[in-house]
Amino acid sequence: MTTPSQTPVFVVEGVAKGFTDGYRPIQALRPISFELYAGEIVCLVGPSGSGKSTLLRIMGGLIPPDAGAMWFEGRPHNAPNTAIGFVFQKTNLMPWRTILQNVLLPIEIQQGKVSPVQRERAEAMLATMGLKDFEHAYPRQLSGGMNQRVVLARTLLQQPRLLLMDEPFGQLDALTRERLNLELLRLQAAEGVTILMVTHSITEAVLLSDRVFVLSERPGRLIAQTPVPLPRPRDLTLISTPDFGAIATQVRSLIGETG
Amino acid sequence: MTTPSQTPVFVVEGVAKGFTDGYRPIQALRPISFELYAGEIVCLVGPSGSGKSTLLRIMGGLIPPDAGAMWFEGRPHNAPNTAIGFVFQKTNLMPWRTILQNVLLPIEIQQGKVSPVQRERAEAMLATMGLKDFEHAYPRQLSGGMNQRVVLARTLLQQPRLLLMDEPFGQLDALTRERLNLELLRLQAAEGVTILMVTHSITEAVLLSDRVFVLSERPGRLIAQTPVPLPRPRDLTLISTPDFGAIATQVRSLIGETG
Amino acid sequence: MFDAQKANFTLRAERKQAGTWRAGLAQYRMQLATPLVLVSVIALWALLVTWQGYPPFILPSPALVWQKFLLMAADGSLLLHIGVTLLEILLGLFIGLSTAFALGYLLGRHHTLERIASPYIVASQSIPIVAIAPLIVIWMGSGLASKVAVTALITFFPTLVATIVGIRSVDPDLHDLMRSLRASRWQLFWKLELPAALPIIFGGLKLSATLSVVGAVVGELMGANAGLGYLVNLGRGLLDTPMMFVAILLLVVIAQALHFVVATLEARLLHWQRV
Amino acid sequence: MFDAQKANFTLRAERKQAGTWRAGLAQYRMQLATPLVLVSVIALWALLVTWQGYPPFILPSPALVWQKFLLMAADGSLLLHIGVTLLEILLGLFIGLSTAFALGYLLGRHHTLERIASPYIVASQSIPIVAIAPLIVIWMGSGLASKVAVTALITFFPTLVATIVGIRSVDPDLHDLMRSLRASRWQLFWKLELPAALPIIFGGLKLSATLSVVGAVVGELMGANAGLGYLVNLGRGLLDTPMMFVAILLLVVIAQALHFVVATLEARLLHWQRV
Amino acid sequence: TSLPAMPATNNEAVAPAVEKVKLGLGFIPNVQFAPYYVGIEKGFFRDAGIDLELSYGFENDYLKLVGVDEYQFMVGSGDQVVLGRAQGLPVRYVLNWYSRYPVVIFAKAERGITTPADLAGKRVGIPGAFGASYVALRGILEAAGLSEQEIKLESIGFTQAAAVSEDKVDAAVDYAVNGPVVLELAGIPTTQIALDDYLVIPANGMVTNEKTIAERPELVQAMVSATRQAIAYTLANPDEAFAIALQSVPEAGGENAAVSRAVFDASLAYWTPRPEQTLGATNLADWQAAAEFMQRIGLVDTVVDAETLFTNQFVTGE
Ligand SMILES: Nc1ncnc2c1ncn2[C@@H]1O[C@H](COP(=O)(O)OP(=O)(O)OP(=O)(O)O)[C@@H](O)[C@H]1O
Ligand SMILES: Nc1ncnc2c1ncn2[C@@H]1O[C@H](COP(=O)(O)OP(=O)(O)OP(=O)(O)O)[C@@H](O)[C@H]1O
Ligand SMILES: [Mg+2]
Ligand SMILES: [Mg+2]
């Protein structure tokens with residue numbers, strides 16, 4: 001499952017979005033079209049304010065686009081769907097729930113209650129994230145990076161078929177980040193989930209992706225869908241290869257053009 | 001002023017700190033000693049929770065150490081000092097003040113009122129940070145990265161002689177981050193300020209520093225003070241040189257050891 | 001932090017986006033709604049009187065109350081009564097609120113102090129004032145002072161509680177910032193604590209503003225020579241229910257006006273919350 | 001976000017760090033302080049009576065009030081009066097608070113509705129109840145119902161305002177999360193809105209709890225056959241000031257107890273705020 | 001006079017120094033206080049060297065304030081004086097104003113409640129179990145040999161007229177010049193049972209304290225004399241008195257003039273001395289009866305010595 005099949009899981013066609021700030025209209029996203037294939041990892045890069053979060057929020061069904069249409073697994077898509085996992089840019093944990101309770105929230109919501117099996121799975125997931133000892137702590141007792149891992153654990157536990165991630169590793173230190181990158185690759189390989197992820201790190205984008213999408217400065221326009229034809233499974237040694245360097249340089253220059 | 005002189009501007013001797021979390025004592029920082037020299041840039045790297053922020057808060061005089069002593073410019077130091085600028089890990093702007101008013105806050109506090117000259121300087125500084133059009137906006141109207149730049153502008157405008165920065169570029173996109181790195185190098189060269197900066201990016205640390213300090217996992221211990229004998233002025237082309245790569249690899253392996 | 005605001009934006013933006021004409025309509029509906037409800041309340045009242053056939057000394061009709069109002073307004077004495085009550089309210093608010101601010105600030109900053117003091121503050125609130133009226137008369141006399149005291153007492157608590165909560169909620173990061181800038185006590189207050197606590201304090205102020213009217217009336221019911229509370233009592237003594245209603249409705253109008261002033265002030269001072 | 005909490009930690013940690021014995025001492029001092037203040041208040045009261053030479057019918061001495069209390073407690077009727085007032089308070093609180101929650105939730109979610117309704121809610125608060133006592137007695141009778149109504153009315157507003165503010169303050173990011181999880185209306189309420197609004201709602205609850213006592217007394221002063229407010233009135237009519245004081249002090253004790261219950265509940269439910 | 005005369009202030013040729021005196025009235029401004037308005041307007045008080053200031057509040061509070069000499073004079077009823085004395089207040093009744101006890105039990109005429117015995121089993125509204133209305137209720141019940149348990153007593157606050165008119169109660173205790181007058185004017189005929197027909201209790205009058213009597217007898221004398229003069233003038237010139245009262249309480253005029261006049265006229269009857277009575281005087285027997293009655297119905301623990309309750313010395317001038 002490490003190479004994308006040719007079934008489009010998610011189709012975006014001509015989606016555009018504008019906001020008004022007071023009376024001034026702000027065009028956040030110019031009409032954008034693309035397809036995501038099953039089991040594929042796509043990273044979305046682009047300058048701050050280019051509309052990355054806006055695009056993900058539209059795809060998640062949280063805000064309606066001004067124009068265009070979307071299809072998820074063959075059906076028209078315009079509302080939140082529990083098969084789509086969403087990692088928001090800001091860590092959104094409930095301060096009154098312990099870490100474990102936070103991770104179990106989606107299950108509670110969708111199934112009404114939590115079975116012992118699910119609880120064990122959640123505990124295992126937290127252990128994977130290096131949070132074994134913090135199950136009964138509250139979010140404010142953990143560092144920013146730890147909380148981000150809790151959010152990841154919560155989302156992955158839902159076993160979504162499509163994963164939308166908005167800078168999920170932003171607050172992590174270099175080492176943890178690399179560890180989680182590898183963990184994500186492993187999980188994705190095992191479960192075949194499709195991933196669209198926003199990141200500011202070109203290295204991360206190239207390491208993880210099958211394709212890298214580059215957005216232009218505001219108003220966002222999809223200026224490139226660079227394929228990353230590197231073999232899988234991947235690991236950190238890949239970073240120092242010339243092939244990797246070449247693709248990274250290419251992406252960097254594409255972003256540079258947007259400026 | 002790009003090479004450090006041999007006058008120690010700031011001396012840390014045997015500083016240690018512990019917390020209690022409920023009844024469990026947490027040793028955050030083992031006794032640590034080092035010196036910062038005038039005009040030097042030092043980056044502090046280390047895993048999450050290793051006590052980086054704690055060290056900076058102690059150095060800023062915000063929390064007292066459990067043990068040890070500090071000297072700033074030859075005098076014992078144990079309380080906040082306006083000659084020391086502090087960029088906190090979290091952007092701490094006042095939501096009820098406009099960007100310009102926020103930037104002028106330190107001047108208001110220290111001089112009671114703001115002269116037209118100072119206002120102009122503030123406006124110039126904001127322009128440098130690419131925030132020219134947002135002077136009269138409120139913090140919540142700006143993106144996370146923009147707000148981080150406002151904080152930087154506010155701190156630099158104080159013209160501190162020592163600058164303590166806790167992940168100042170954490171929320172910026174790759175391009176803006178590189179631009180601000182260069183800007184910081186330029187400013188430092190021009191004004192000769194001494195800088196201690198926490199970062200999670202090894203590349204950034206090597207690019208900016210005269211020395212890179214590496215902290216171990218909790219409880220933090222200073223395991224290395226790696227010198228970075230690269231010529232100044234530096235620019236981004238340096239990143240692809242073998243010398244740079246060698247030092248980066250060295251730092252990376254040092255951090256790796258801590259884990 | 002940032003996205004929270006964005007999401008806020010999103011909601012507002014989407015509302016606005018719907019087009020100016022729709023927004024305009026909504027605005028228009030809003031402005032219409034309040035008077036409409038008022039009209040229907042009055043209509044209901046009139047119907048109630050007609051249906052139940054209440055005699056005027058129990059529930060006078062709106063028309064009768066209006067007539068009475070015109071009559072009382074004509075000879076100018078009504079203005080005097082309104083003035084007296086307003087004076088009591090304003091003085092009471094001034095004393096009550098300034099004490100509440102000062103004490104609230106102190107207690108908000110010193111947790112231990114608050115724990116010690118709070119039972120007494122709660123106690124002071126639960127004392128039925130009418131019951132200690134003779135003491136108040138002995139201490140304050142039967143004039144303005146006693147009414148002001150009652151008003152101050154009643155307006156004190158809500159603002160006190162809000163001030164404590166507000167001061168507590170100041171972002172500790174901003175406290176650190178101010179410390180690192182070596183801000184003085186005074187600067188800390190004016191530049192950080194006050195503006196940061198204001199949104200919550202305003203919640204308390206609105207309550208206090210409303211209660212101040214009740215305070216003045218209770219004070220006047222203890223014995224008075226003028227004021228709207230006096231008119232209520234007088235109307236009762238004269239079995240002139242319309243007069244009571246005129247006074248009560250005027251009291252309600254004053255409460256509304258005070259509430260409006262506070263809300264406007266809030267909108268002014270906290271406009272940054274809605275950008 | 002994260003550092004805010006850390007800074008919080010720092011403060012608490014530093015306090016704790018000072019050593020258990022010092023912390024223990026502080027705790028001990030605290031527990032001592034409240035009764036100490038109480039004792040000094042009573043001492044002051046006794047001194048005032050002695051110095052000013054107030055006769056018992058104006059300001060009875062603490063000893064006299066205590067004697068009276070024992071006397072009244074002995075024949076059991078005091079318990080009945082306490083029970084009646086407590087019943088009124090509890091029923092009034094139940095009705096007032098549940099209405100306030102329901103309405104506050106509605107208004108907190110629908111801004112337009114709130115703007116339309118708020119003038120009427122403010123108005124309902126500023127009507128001097130004593131003045132419309134005849135209407136209340138006619139509609140509700142002179143029994144339990146009218147006292148409960150007054151108590152409900154008086155406890156309603158603070159909790160309403162707090163509920164509106166609380167529901168408004170729910171983090172929009174968490175709203176988005178719940179939407180993305182397709183949470184039902186009901187789940188949204190129980191799992192997000194209620195726990196998120198609770199800290200602010202509790203501020204209002206504390207006010208309401210204190211005011212409920214005042215409500216019951218005002219209701220009883222309108223005319224009653226039993227209850228502590230009735231005792232206040234009776235004591236006044238019989239020129240038996242010690243009886244009034246016994247009743248007043250018991251009312252204060254009830255207010256304290258209610259406040260304590262709410263504060264304890266708050267500490268329980270919001271313990272996550274202090275970890 | 002037989003009392004040691006202080007340096008007279010009221011006989012001097014030079015304009016006498018006018019002394020400010022506060023009088024506590026247990027109700028709100030009303031035509032029912034017409035004699036005092038007349039006394040002020042016609043200068044009776046000023047001529048006696050008194051600048052009278054009327055202060056309105058609660059009868060009980062004023063009794064206490066007179067008891068501690070915070071106030072020197074108030075208007076209160078005899079039963080209040082008994083109560084005060086029993087509680088140790090050094091108060092004394094010096095002038096009778098209402099010659100008949102003004103509280104009645106009234107009912108809609110259709111109910112046929114005309115004698116105390118008719119009250120058995122009926123719902124009777126009362127402001128509260130204290131004060132003049134409670135005294136009247138107990139007196140009337142006693143006349144029929146009824147106990148409190150044999151009627152259904154309801155505390156309705158000051159809503160008697162409304163409660164009777166809306167049939168919330170069968171009868172209610174109220175001042176004769178209040179509820180019954182209102183219902184009468186609203187076209188609802190009523191029947192009334194007056195306490196005074198069954199038991200005589202000294203009704204409303206002027207109360208002062210022992211200290212003032214001992215130290216300022218001339219002041220008490222001046223107050224009593226001026227008030228008597230004012231009452232007499234009011235009785236002699238009702239129309240003028242009413243007009244003066246309306247000036248003092250403008251809100252009572254206008255639309256309310258008719259009601260006010262009705263109340264005023266009804267009041268006149270209560271201010272007229274009984275046939276054998278000197279205006280302002282009370283007799284020991286009535287006080288004795290009142291003291292015993294108060295003890296009987298449990299409002300006071302002991303029978304208060306009637307001699308301490310009042311003095312006629314300022315009325316009869318002996
Ligand atoms: N609700 C809104 N109202 C007004 N403007 C908005 C709103 N949401 C987003 N914008 C604007 O739309 C543009 C795109 O925003 P978006 O958050 O999608 O950018 P982004 O690419 O995610 O940036 P970052 O890298 O900083 O997260 C920005 O200019 C932003 O200010
Ligand atoms: N006030 C406090 N109370 C209790 N523990 C604390 C407190 N402040 C910090 N700690 C703990 O001390 C350790 C060091 O924290 P610190 O914030 O200095 O780490 P850091 O290196 O800055 O981490 P990061 O990279 O995540 O910012 C952590 O384990 C943290 O949980
Ligand atoms: Mg974004
Ligand atoms: Mg840190």
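Note: hydrogens, waters and symmetry copies are ignored here, and every other heavy atom, side chains too, is used. Below, chains carry the letters A, B, ... as their sequence lines are ordered, and counting in each starts from 1.
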Checklist entry - Considering residues, nucleotides and ligands other than A/Arg119, do more than 12 of their heavy atoms fall under 6.0 Å from its CZ? => result no
Checklist entry - What do you reckon, is CZ of A/Arg75 surrounded by more than 12 foreign heavy atoms closer than 6.0 Å? => result no
Within this structure, what is the [atom1]-[atom2] distance for the pair [X] and [Y], rounded to the nearest 0.5 Å?
{"X": "D/Ser180", "Y": "A/Leu164", "atom1": "OG", "atom2": "CG", "answer": "9.5 Å"}
{"X": "A/Met94", "Y": "D/Leu192", "atom1": "CE", "atom2": "CG", "answer": "4.5 Å"}
{"X": "A/Arg140", "Y": "D/Trp272", "atom1": "CZ", "atom2": "CH2", "answer": "6.5 Å"}

Item to check | Stepwise side chain to side chain contact (heavy atoms under 4.5 Å, CB included) check, D/Lys191 with A/Trp96 | outcome: CA-CA 10 Å; D/Lys191 299 204 188 287; A/Trp96 56 88; over 6 Å; no
Is there a side-chain contact between [X] and [Y] (heavy atoms, below 4.5 Å)?
{"X": "A/Pro80", "Y": "D/Leu181", "result": "no"}
{"X": "A/Leu62", "Y": "D/His175", "result": "no"}
{"X": "D/Met178", "Y": "A/Ile109", "result": "yes"}
{"X": "D/Leu177", "Y": "A/Leu105", "result": "yes"}
{"X": "A/Phe88", "Y": "D/Asp176", "result": "yes"}

Next on the checklist: Need one label for D/Leu198: side chain, backbone, both or neither, based on atoms under 4.5 Å from any heavy atom in chain A.
Outcome noted: neither
Checklist entry - Considering only heavy atoms, which portion of A/Gln158 lies under 4.5 Å from any heavy atom of chain D: side chain, backbone, both, or neither? => result side chain
Checklist entry - When you check the gap from the basic side-chain N to the acidic O, do A/Lys90 and D/Asp171 get nearer than 4.0 Å? => result yes
